[in-house]
Amino acid sequence: MTATMQPKSEAAEAPRRGRGFPGADQKARPRGRGLQFGHWWWALPGIALVIAIHYVATGIGGFFAFTNWTGIGSFKIVGWQNFEAIFKDPTKLGALLNTLFLAFGSVFLGSVGGLIIALGLNRVLKTRYILRTLFFMPVVLSPLATAYIWKYIFDFDGPINVFLTSIGAGDLAKPWLADPQWAIWTVLVVLVWSSTGFAMVIFMAGLAGVPVEVEEAAAIDGANLWQRFRNVTLPAIRPAIAIATTLGIVQGLRVFDPIMALTSGGPAGATETLATQVYKQAFALGNFGGGAALALVLAVIILFFAVLQQRLTRSNPED
Amino acid sequence: MFRYTKLTLLREIGLWALALIFLAPFYFLVTTALKPDSEMYTTSPLAPPKSPDLSNFVAVLTATGNSNVVMGLVNSVIITAGSIVGLIALGSITGYVISRNTRRWSRGAYYLFLVAIILPGQLGAVPLYMGARAIGLTGSAWGLIILYTGMLLPLSIFLYANFFRGLGTDYEEAATIDGASRSQIFSKVVFPMMAPATGTVTIFAGLIVWNDFFTSLIFLGGSANQTLPVAMYYYIGSLVSKWNSIFAIVIVSMIPILALFLFAQKRFIQGFSGGLKG
């Protein structure tokens, strides 16, 4: 959704738009000074609600990151102590690494999978709309319901192990979710499964905007399938890639529900993420100051990657 | 040039094979939920039930206490519908004003909402809970509707603001010349035109609120008004590896949203891709 910050799309239609920027329209269109739409105070309830629920609450939470508050009673301001504790605690550092691994792993695999399916469904296929609906189905399910289905599939007596045994690979069967080495990969599979359809839909919308003529011209000039993809399709869908990856990373960094339902962060912290650690510190372990500090770190990481992603996809010279 | 060839047929078959693998979890979901208790440990997880019955579903729909699924369903419908109404009303008017206003504060407000979309909710969760409890918003459907409206309002405003920016002001100018007041312009001219943005907001917000577990778990904690995911969570918590019963409730919880999606799948997908393109 941040792709609307793209300067190109805004500039293209600028003269026709009543944009929110000072002086944008005055010259292009002789508009009377009195011609204003809506009263400014109509925006007040919305602004007040957002400031109260998002900024005030987050600000107070941010303040507690510098205290030793337990969630009730009195507290002392302790400076950067909570942050130092994070970088000394192997569980929290592990949670940080897991969060980055899951976010980038799921975005990468989900985008590649979504792009392959979108390319496959692009044009002439007779059943493309049915297939699109089928691939999109997991996206509308609640993360909780999705997690329960996969918990059974990865169960020790579940379909995967039974299948492995039936094809004679029984020694590969293992308690996937309770195996410290494999648990994080099972979580990754679940995240990819529920996000691929989303990436696919965005890529399909991007691909629909690639003019057939350009592709045909490239084909007539003798470009093979890969060259056509690399030099015609890919540059044209760059905005779609920006949206899919930015959203995927922001979502992936916050991942909480599926992990709580699948493994609760176990076994032995192998699937702990920043979001699950924040919840445990603040709500279960009565260390609200520490939880808030961790949440602040998470917020900074999310903002950092969201901005970086925007910059990278925007300032590409080929654009 | 892009005609239907043998290669296309091959591609189509390949994608169907992929789709079948991709949707295999649904096969396990349905076959397991239809197995009676006696078959659960005697048939292979891969095999369909020998004598399918609906006993698991009957058990789910008659459960009482805080795993009362029917009540959870009703509460979820009320809370989702209420939040959507709030988000459309506040989101459209705020998005309209900040996208039509040409003064500097409106741009500041736009970024205020943009940053609020990205902020992770956990940091403010505890202060928000204490504030909500102090003014009596916890434990009731009304409180949760107000909370969800506030939480998702930045997204709703963002979607509406982008929609109005792409919409020319010609109709509004014409209405002004014809002597319509500002509130008449909004209710009679702008409101009917914003249906596509409303569709996107409804789908996004509806999905998020309907599927949300964390917020309703915390803010409705201990009260009898549970939402569907929370009722499901409690119901499953009382079952240890009774997968046939677990899957019956999982199916009950996903039928409404899946039915709505299959019924209006075109709008869903347009809402997702269109809303994000801005």
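Lettering of chains follows the sequences in order, A, B, ..., and the numbering in each one begins at 1.
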Tell me, for Thr146(A) versus chain B, whether the close heavy atoms (under 4.5 Å) come from the side chain, the backbone, both or neither. neither

Contact origin within Val115(B) toward chain A - heavy atom pairs under 4.5 Å: both

Going by salt bridge (Lys or Arg N to Asp or Glu O under 4.0 Å), name the residues that satisfy it together with Lys266(B), two or more places apart in sequence or in a different chain. none

Which answer fits Ser44(B), side chain, backbone, both or neither, if we ask what part of it has an atom under 4.5 Å from a heavy atom of chain A? side chain

Checked Ile60(A), Val162(A), Val140(A), Asp157(A) vs chain B; the most non-hydrogen pairs under 4.5 Å come from Val140(A)

Tyr233(B) versus chain A, the contacting section by heavy-atom distance below 4.5 Å: both

Does atom OH of Tyr27(B) have more than 12 heavy-atom neighbours from other groups under 6.0 Å away? yes

Ile98(B) side, atom CD1; Ile47(A) side, atom CD1 - distance, nearest 0.5 Å: 7.5 Å

Between the side chain of His54(A) and the main-chain N/O of Met151(B), is any donor-acceptor distance below 3.5 Å? yes

Most contacts with chain B, counted as non-hydrogen pairs under 4.5 angstrom, among Met204(A), Arg128(A), Arg254(A): Arg254(A)

Options Ala52(A), Gly61(A), Gly291(A), Ala293(A), ranked by heavy-atom pairs under 4.5 Å with chain B, top entry: Gly61(A)

Examine whether an atom of Leu128(B) lies under 4.5 Å from a heavy atom of chain A, and if so say whether it belongs to the side chain, the backbone or both; otherwise answer neither. both

Identify which part of Ile153(A) has an atom lying under 4.5 Å from any heavy atom of chain B, answering side chain, backbone, both or neither. side chain

What residue among Leu207(B), Val250(B), Leu258(B) forms side-chain contact (heavy atoms from CB on, under 4.5 Å) with Leu141(A)? Leu258(B)

Tyr152(A) and Phe28(B) aromatic ring geometry - parallel, tilted or perpendicular at 30°/60° bounds: perpendicular

Segment of Leu147(B) engaging chain A (4.5 angstrom heavy-atom cut-off): both

Which portion of Ile208(B) sits near chain A, non-hydrogen atoms under 4.5 angstrom: neither

Does Ile269(B) form a side chain to side chain contact (heavy atoms under 4.5 Å, CB included) with Arg132(A)? I'd like the steps, not just the answer. CA-CA 9 Å; Ile269(B) 288 170; Arg132(A) 183 180 71 172; 3.5 Å; yes

For chain A, which of Ile251(B), Ile236(B), Leu29(B), Leu260(B) has the most heavy-atom pairs under 4.5 Å? Ile236(B)

If you compare all heavy atoms of Phe247(B) against all heavy atoms of Tyr148(A), which two are closest, and at what distance to 0.1 Å? CE1-O, 3.7 Å

Does the pair Leu112(B) and Ile51(A) meet the rule for a side chain to side chain contact (heavy atoms under 4.5 Å, CB included), with working shown? CA-CA 8 Å; Leu112(B) 185 87; Ile51(A) 287 180; 4.0 Å; yes

Per-residue contact mode, Ser183(B) against chain A (heavy atom under 4.5 angstrom): both

Residue pair Thr94(B) / Gly46(A): nearest heavy atoms and the distance that separates them: OG1-CA, 3.9 Å

Between Met254(B) and Ala145(A), which heavy-atom pair has the shortest distance, and what is it? CE-CB, 3.9 Å

On a heavy-atom basis, which atom in Ala19(B) and which in Leu131(A) lie closest, and how many Å separate them? CB-CD2, 3.9 Å

Can you list the residues that meet the side chain to side chain contact (heavy atoms under 4.5 Å, CB included) rule with Ala240(A), with sequence neighbours excluded? Ile202(A), Phe203(A), Ile237(A)

Ile257(B), Thr8(B), Leu23(B), Leu9(B): which one forms the most heavy-atom pairs within less than 4.5 Å of chain A? Leu23(B)

Engaged part of Leu44(A) at the chain B interface, taking heavy atoms whose separation is under 4.5 Å: neither

Looking at chain B, which one of Thr127(A), Leu121(A), Ile302(A) has the largest number of heavy-atom pairs inside 4.5 Å, strictly under? Thr127(A)

Could you measure the distance from the CG atom of Leu49(A) to the CD1 atom of Ile146(B)? Nearest 0.5 Å is fine. 8.5 Å

Which region of Ile218(B), side chain (C-beta onward) or backbone (N, CA, C, O), has a non-hydrogen atom less than 4.5 Å from a non-hydrogen atom of chain A, or is it both or neither? side chain

So which heavy atom on Met232(B) is nearest to which on Ser142(A), and how close? CE-OG, 4.4 Å

With only heavy atoms counted, which part of Trp210(B) is less than 4.5 Å from chain A, the side chain, the backbone, both or neither? neither

Part of Val278(A) lying under 4.5 Å from any heavy atom of chain B: side chain

Are more than 12 heavy atoms, taken from residues, nucleotides or ligands other than Tyr55(A), located less than 6.0 Å from that residue's OH atom? yes

Where does Gln265(B) contact chain A at under 4.5 Å (heavy atoms): side chain, backbone, both or neither? side chain

Check each atom of Asp155(A) against the heavy atoms of chain B and say whether the ones under 4.5 Å are side chain, backbone, both or neither. side chain

Taking all non-hydrogen atoms of both residues, which atom of Phe213(B) and which atom of Leu144(A) are closest, and how far apart? CD1-CD2, 3.8 Å

Report, as yes or no, whether the 6.0 Å neighbourhood of atom CZ on Phe163(A) holds more than 12 heavy atoms from other residues, nucleotides or ligands. no

Is Ile167(A) atom CD1 crowded by more than 12 heavy atoms from other residues, nucleotides or ligands, each under 6.0 Å away? yes

Return the option, out of Ala109(B), Ala125(B), Pro154(B), with the maximum number of heavy-atom pairs under 4.5 Å with chain A. Pro154(B)

Anything under 30° is parallel, anything over 60° is perpendicular, the rest tilted; go ahead and classify Trp193(A) against Phe22(B). tilted

Heavy-atom cut-off 4.5 Å, strictly under: side chain, backbone, both or neither for Trp41(A) against chain B? neither

Mind ranking Gly14(B), Gly124(B), Pro25(B) by heavy-atom pairs under 4.5 Å with chain A and telling me who comes out on top? Pro25(B)

Name the option with the most non-hydrogen atom pairs under 4.5 Å to chain A; the candidates are Thr149(B), Leu262(B), Val97(B). Val97(B)

Heavy-atom pairs under 4.5 Å with chain B, option from Leu125(A), Leu303(A), Val201(A) with the top count: Leu125(A)

Side chain, backbone, both or neither of Ala116(B) within contact of chain A (heavy atoms, under 4.5 Å): both

Does a sphere of radius 6.0 Å around CH2 in Trp40(A) hold more than 12 heavy atoms from other residues, nucleotides or ligands, not counting ones at 6.0 Å or beyond? no

Gap between atom CG of Leu134(A) and atom CH2 of Trp16(B) - 0.5 Å precision: 5.0 Å

Starting at NE2 of His39(A), measure out to CG of Asn101(B) and round the result to the nearest 0.5 Å. 12.0 Å

Relative to the ring of Phe136(A), is the ring of Phe261(B) parallel (under 30°), tilted (30 to 60°) or perpendicular (over 60°)? tilted

